[in-house]
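Below is one structure, written out as structure tokens, with a few remarks after it.
Start at 1 and go down the list; that is how both ligands and their atoms are numbered.
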Amino acid sequence: MEDKFLLVANWKANDPKIDLCSLQSTDEIEIAVAAPYPLITTISDGISRAAQDVSAFPVGAYTGEVPATLLANLGVKYCLVGHSERRRYLAETNSTVEAKIETAIKAGIVPIICAQTLEEVPPNVRNFSAEKYLIMYEPAKAISTDGQYHSENPQKVAEMISDWQKKLPNGVRLLYGGSVNPQDVTAYVELGQSLVSGLVVGHASLETELFKTIVTACLHSLNSHLA
Ligand code: PGA
């Protein structure tokens, strides 16, 4: 059976007053929320818990770090790793990303490796079977700024992802992120789950009604594909 379509809300460093109880994963869509650490336990049942980062270090004397095992104890299923904002503002490097992937997988968390280019996907992913991790293709220029969307052409996304699939290990699932909003979400879903296994939504996940519109559009489009 094909995996569910994965819709990840990336709240970034926001504290949105979202009515999570009105959102639920369904048979077709798994909804995950990547919340700032202090908000992770507010993610209610029916939505998967995700973190926006994970420490490259194990449990121990690493002040300020949050190790994978502590996240796993909170029921965290996914964590973003190597988001372009962390690479840009926090000088995160490929070798840190590589270490984070390893600690997440060992703790049973599925890292969502964020990359703009294939060079940002560390070679150690080849040490793990394809179902242990996900890759999000997100060109930084497509990330919304100050509430303005800068959507990438879905056809270009399809071309990039199909090129990556040829170069990555067989069976790796790819997500797309960057200005996904109610107007263009359907176009990405319609590329088909063999190309785009899910979406990461930043700005448009910060308001209940906006995000619900995205969930509904995804469901509608997935169901009409299955029909
Ligand atoms: P955006 O952010 O949807 O606001 O562009 C997505 C992301 O960077 O995860």
Side-chain angles (χ1 to χ4, degrees), residues 5-18 20 23 29-37 39-40 43 47-54 71 76-92 96-97 100-101 104 109-117 120-121 133-154 156-158 160-161 164 173-189 191 196-218 221:
F5 191 81
L6 179 62
L7 199 55
V8 183
N10 178 11
W11 285 355
K12 307 194 177 185
N14 293 292
D15 181 7
K17 302 301 177 206
I18 288 269
L20 285 174
L23 292 162
I29 297 186
E30 176 181 3
I31 299 176
V33 172
Y37 291 134
L39 301 180
I40 284 177
I43 301 168
I47 301 179
S48 302
R49 290 182 175 177
Q52 298 175 15
D53 186 32
V54 62
L71 293 174
V76 167
K77 182 171 176 188
Y78 301 102
C79 65
L80 301 177
V81 172
H83 192 284
S84 62
E85 288 156 5
R86 296 195 57 82
R87 294 180 195 257
R88 178 171 174 202
Y89 300 120
L90 294 139
E92 191 145 298
T96 317
V97 172
K100 290 181 174 187
I101 292 168
I109 295 174
V110 176
I112 301 175
I113 304 156
C114 310
Q116 295 196 67
T117 62
E120 289 186 344
V121 177
Y133 61 95
L134 294 162
I135 294 177
M136 167 176 66
Y137 166 56
E138 180 174 72
K141 67 176 173 46
I143 296 178
S144 73
T145 46
D146 303 322
Q148 298 295 309
Y149 299 121
H150 312 289
S151 299
E152 179 64 293
N153 179 323
K156 268 197 177 164
V157 171
M160 188 64 90
I161 287 185
W164 284 24
R173 296 173 70 208
L174 282 112
L175 312 180
Y176 175 70
S179 288
V180 174
N181 66 76
Q183 274 70 50
D184 65 13
V185 61
T186 305
Y188 297 116
V189 181
L191 294 175
V196 176
S197 298
L199 296 167
V200 178
V201 184
H203 178 74
S205 72
L206 299 178
E207 279 174 35
T208 310
E209 287 313 313
L210 204 52
F211 192 54
K212 272 168 84 176
T213 314
I214 292 197
V215 175
T216 309
C218 279
S221 159

Contact between ligand 1 and [X] is defined here as a heavy atom of the residue under 4.0 Å from a ligand atom; is it met?
X      : answer
Ser179 : yes
Gly178 : yes
His83  : yes

Quick one: look up the protein heavy atom nearest [atom] and list residue, atom name and how far away it is.
atom                   : result
atom 9 (O) of ligand 1 : Asn10 ND2, 3.0 Å
atom 2 (O) of ligand 1 : Lys12 NZ, 3.1 Å
atom 3 (O) of ligand 1 : Gly202 N, 2.8 Å
atom 4 (O) of ligand 1 : Ser144 OG, 2.6 Å
atom 6 (C) of ligand 1 : Glu138 OE2, 3.2 Å

- Message: Check whether Ser205 reaches the backbone of Val201 with its side chain - one donor and one acceptor, N or O, closer than 3.5 Å.
- Response: yes
- Message: Using a 3.5 Å distance criterion without hydrogens, assess whether the side chain of Arg87 forms a donor-acceptor pair with backbone atoms of Glu120.
- Response: yes
- Message: If I compare all heavy atoms of Gly177 with all of Pro139, which pair ends up nearest, and what's the gap?
- Response: O-CD, 4.0 Å
- Query: Looking only at side chains, do Ser48 and Glu30 share a donor and an acceptor under 3.5 Å apart?
  - Reply: yes
- Under 4.0 Å to a heavy atom of Val200 - the qualifying atoms of ligand 1, by number: 9 (O)
- Ligand-side contact atoms (ligand 1) for residue partner His203, heavy atom cut-off under 4.0 Å: 1 (P), 3 (O), 4 (O)
- Message: Taking the side chain as everything from C-beta on, heavy atoms only, tell me whether Phe211 gets closer than 4.5 Å to Ile31.
- Response: yes
- Query: Is there a side-chain contact between Val180 and Tyr188, using heavy atoms and a 4.5 Å cut-off?
  - Reply: yes
- Item | Qualifying residue, where the test is side-chain hydrogen bond (donor to acceptor under 3.5 Å, both in side chains) with Lys12 and the options are Gln52, Glu85, His203 | Glu85
